[in-house]
Structures are given as C-alpha cells and as structure tokens.
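Scope of the values below: all heavy atoms of this structure, side chains included, with no hydrogens, waters or symmetry mates. Residue numbers start at 1 and run along the sequence shown. Here the structure is a predicted model, which is why all the values come from computation and not from measurement.
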Amino acid sequence: MDSGFLTVRKRTLFKLLCTSAIALVSHTANADQFGNFLDSTYSYAVDGPTGDAFAEPLETSGTSDEEDGAGDITKLSEKIATIGDDVADIGKSLEKVEELAGNKSIVVSGSSKSTMKVSGRVHLDGWGFDTDEDPAINDFNGGSDPANRLGFRRIRFGVSGKIKDNMIYKIEMEFAGGNDSEFRDVFLGWIDLPFFQEVLLGNQKRPYGLDHLNSSRYNVFIERPFVIEAFNEDARRLGLQAYGVSDDMAWNWRYGVFNGRNIQDDGNYTGDHLQLQLAGRMANTIWYDETSNGRGYAHWAISGSHADVSTADDGSDGQSESRFRTRPEGRTSSDRWLDTGLIPGADYYNLLGFESVINLGALQIVGEYQSNWVERDGFENVHLNGGYIYASYFLTGEHMPWDRESGTIDRVIPFENFWLVDTAGGGRSAGWGAWQVAARYSQADFNDADIFGGRGESITIGLNWHWNTNARMQFNYISGKIKDRDADNGDNTQTAINATPDVQSGDYDIYGARFMVDF
C-alpha cells in the first residue's frame, strides 16, 4: 500500500480523534475551528510519521516457503510493535490536545492559524498620608498637603500568542488612567533562534533593576524603591532586545538597544537625536536546591547601561532624557518628592547595578545597589546612587519561588487557599491562605555638584495575605525622610537648577493597602 496514502490516513485519523476529544472536553467547543487549530499546531503535536510501520511492503521472494513464513512472521511482529509505538505517540498527542482544550485562557483563531492567550490584572489601592503639616513635604508635593487616595493602580488587559512558525507577540493595555489609557508590553518577536535564542522588538522592560524586572503581580511591597523607580522610570522603552538562558538554567542574560523616551502616552518619539541607550544584564542562580523544589536558592546579577541623551535646550531633538525622579515609595498624585529636574549640560550617563537574593525556605533576603554617572558639557559631572535591602518571611511556611530562566521571583503557591463556606451540618469550614511579613530599608542620594534632587531614606513594614495563587491583599506602612532637596528642581527648567538652591528637609508617614487579582 502506498506509504503517502497511509500517512494521510494517519493524519486524518489523528484529527478525527482530536476533534472528538475536544467535543468531549467542552460541549461548547467548535470542532471546525479546532480543526484549523490542529492544522497550525500539528507539527508541535506530531512531527510526522513516527516510524516506518507502513513504509515498505513485506518481501517474500528469494527464500523457501518455511523461511518465508518465519521471516514474514518476524517482520509482521516488528511492524505490529511499531504500530503500537505509533498509537502510543498519538495517545500522548491527544493528552496534549486535551490539556490545551481545557485551558480556557487560550483563544483559537479561526483564520490566521495563530494562537491567542488572554491575561489581565486588577490592583485596587488605598493610600493615606501623614506629614504633620510639614511645609517642606508640602513644597515637594506641589505646594499642598498630600491628599489621600483611593482608586485603581492598575487595570491591565492583554493578549499574547504564537504565530507560525517561530514568532510570538504581545499587546497589553493599561486602563487605570481613565481617559488617558496607555499601552505597556507591546512587541513582536522570534523564539528558538540560533545563538540569540529569543529576540523581541517593541515596548518592553529595560534590563536593569531586579525589582522592576519582577512582575508587579509578585513583588513583596506595594511600590518599588526610590532608586529603582528613579533610574528606570516606568521601566519600558521601545527597543530591540535578546534574551537567553543556559542549558542548565544557571545563567540567563538579556541585552538590547532602546530609545530613552517613554512613548506609552503618545506612541512615538519625535526628534533628530534618537537618544539611544545600550543596556544589558547577566544573572546567575548560583545555587538552586532541586530536592526541595527550589525552597533554597541564591542569585546574583550585574546590569549596566550607556545612554546618550539630547543636549538641545529648545526641544528640537526631543526632550532630554536626563531627569531622574521618583515618588516616596507610595502613590502620590503626580509630584515626585525626589527630583533632579533636567540636568543641564548632560551628554550621556552610565549606569551600573548589582543585585543579590538568598532564599532559605520561608525566609528571603534581597538587596540592590545602583550608581549613575552623568557626564556633562560645560558643567561638573554628577554621581547619583541608591539602594535597598529587605527581608520577608512566610508565617505559614511557604516560600518565594524563583524563575531561573528570567532571574526573577515567581508566583507564590499557598499551602492552603483562603476560603470560608457554610457546611451541610450547619457549621463553617475555612482555609486561611498564606501569610507573609516583610521589612525594607531604602535610600537614595540625588545630590551632587550643582544638582539638589534630594536625599531620601525610608523604612517599610509589609504584610501580605495570599488568598490563592492569583489573588492577595497587601498592607504597607512607610516612615521616611526627604532632605536637602531644592523644591524648585521640579519645575522642569534648567534655569531654576542653576539658581541658588533653597534646600529643605521633611518627614512623612504613609499607609497603603492593595487588593489584587490577576488571570
């Protein structure tokens, strides 16, 4: 029998079995649509005929009848064994199809034969500010007492997926700004590449600052530290970046070139000076305890960047990306309490960062330090720096998982989810979730030469209640101080920066809570 005909028969049988499987898994499934999905993913489920069961006819010429009979029986047994292997492979493929069919987050395209996965997150925050009517803090806050806040910090919805043969994409929108909606991760890319492994082109996170590379879905504290936000404000930039990981997952790296302007608000950069930035990170999971499924591990990384910024005063080459600023590790309305303003004469800056993590069961200790050297024309060079260290501990015994492929923290899995229900006997039954406590010390120094962006120190106490793997509540208490800052830096003009500084200092206390889910 013709081998090509049988191969087609096997593939037709496979599609028939798969279509039946999806109908059984979900009575709402569309079999025709799923058939299209199989066409696009068949090469991943079954790479082709798995063996030569029907490839050749039995040979009978040139032997005696007895030998022919014995030989035919032997060959037939071999063929039957090979057919059994083929059936086993098809069974494994069906299991994979059933797994995909049961994943309700995967949407199957009916036309382009690409896949699409839906994701999102909702972060609802409440913030209270106690500055004891400190005049300095009021000046840093735009001249008024910081107002309490209640609202959405993040409302994100996005899609991502694969396009044959080795392309990927992602589109993620942020709706927490109301009418001022913006995009976040938006890129196209290629995977399974020789040497480069994975390459993404589009809006994505710059590769420095562990606390920024961590997803906001998993971070231990509600807001990120001074130095992380100031040196990598809003994190994402338009660029081309390669991602890689070693075979044993001990090493991972990412590096690329970016435009320095944050284009999430208007979608493009305008200017003859491209303000390009080279950035990279090399990370090493130096220890990972496989026997405990990663309850013990240690990590270190080094990251750096060289950024060329515009020196034009009139904005003809785009606004200079030479301003470093941040909020007080709590979500104020708009003003940054540490703010260098636009640094006059800035030509380029070099950034260097170090990070380290050690996890021992329920206990985790994390620290980072970053330095930023701003090279200037006609002015004295400036050195800015900052860092933080924190410790967290699970009272219920869980641990912070670690993603070795990206060198970042991963999703917490509670031993027991939070739930509370009435039982049939009139009583109640409950699970209490995972409880985590944490403490962080953070500092930043943005004063040097004629720049008075301020010096900040803070201590944050945190409590996290993980209801399940996709929902939790966070509470933070922050006590801090901003000192030696020129409040005029925030007016965004270089003339004010060159004026005689009127430095001020102030203390504050902040209370924050977040309720969050992601899917």
Just wondering, do [Y] and [X] contact through their side chains at under 4.5 Å, heavy atoms?
X	Y	answer
Q197	V245	yes
Y349	L384	no
D339	R485	yes
E329	P225	yes

- Query: Just checking, any donor-acceptor pair under 3.5 angstrom between side chains of Q264 and R236?
  - Reply: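 No, no side-chain donor-acceptor pair sits under 3.5 Å.
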
Are [X] and [Y] close enough for a salt bridge, meaning some N to O gap below 4.0 Å?
X	Y	value
R323	E233	no
R261	D266	yes
E172	K205	no
D289	R295	no
E182	R184	yes

- Lys NZ or Arg CZ of R237 over F258 ring: under 6.0 Å, within 45°: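 Verdict for F258: no cation-pi partner in R237.
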
- Give me the one residue out of F452, F231, F324 that meets ring pair (Phe, Tyr, Trp, His ring centres under 6.0 Å) with F446.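 Filter result, single survivor: F231.
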
- Query: Of the options Y388, Y390, F475, Y441, which is the one that meets F221 in a ring pair (Phe, Tyr, Trp, His ring centres under 6.0 Å)?
  - Reply: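 One option only clears the test, and that one is Y390.
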
Is it the case that over 12 heavy atoms from other parts of the model lie below 6.0 angstrom from the [atom1] atom of [X]?
X	atom1	answer
I286	CD1	no
L276	CG	yes
F196	CZ	no

- Using the benzene-type ring in the case of Trp, are the ring centres of H399 and F394 under 6.0 Å apart?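 Not close enough - the centres of the two rings lie 6.0 Å or further apart.
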
- Message: Under 6.0 Å between ring centres: does that hold for W402 and Y288?
- Response: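 No, ring centres 6.0 Å or more apart.
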
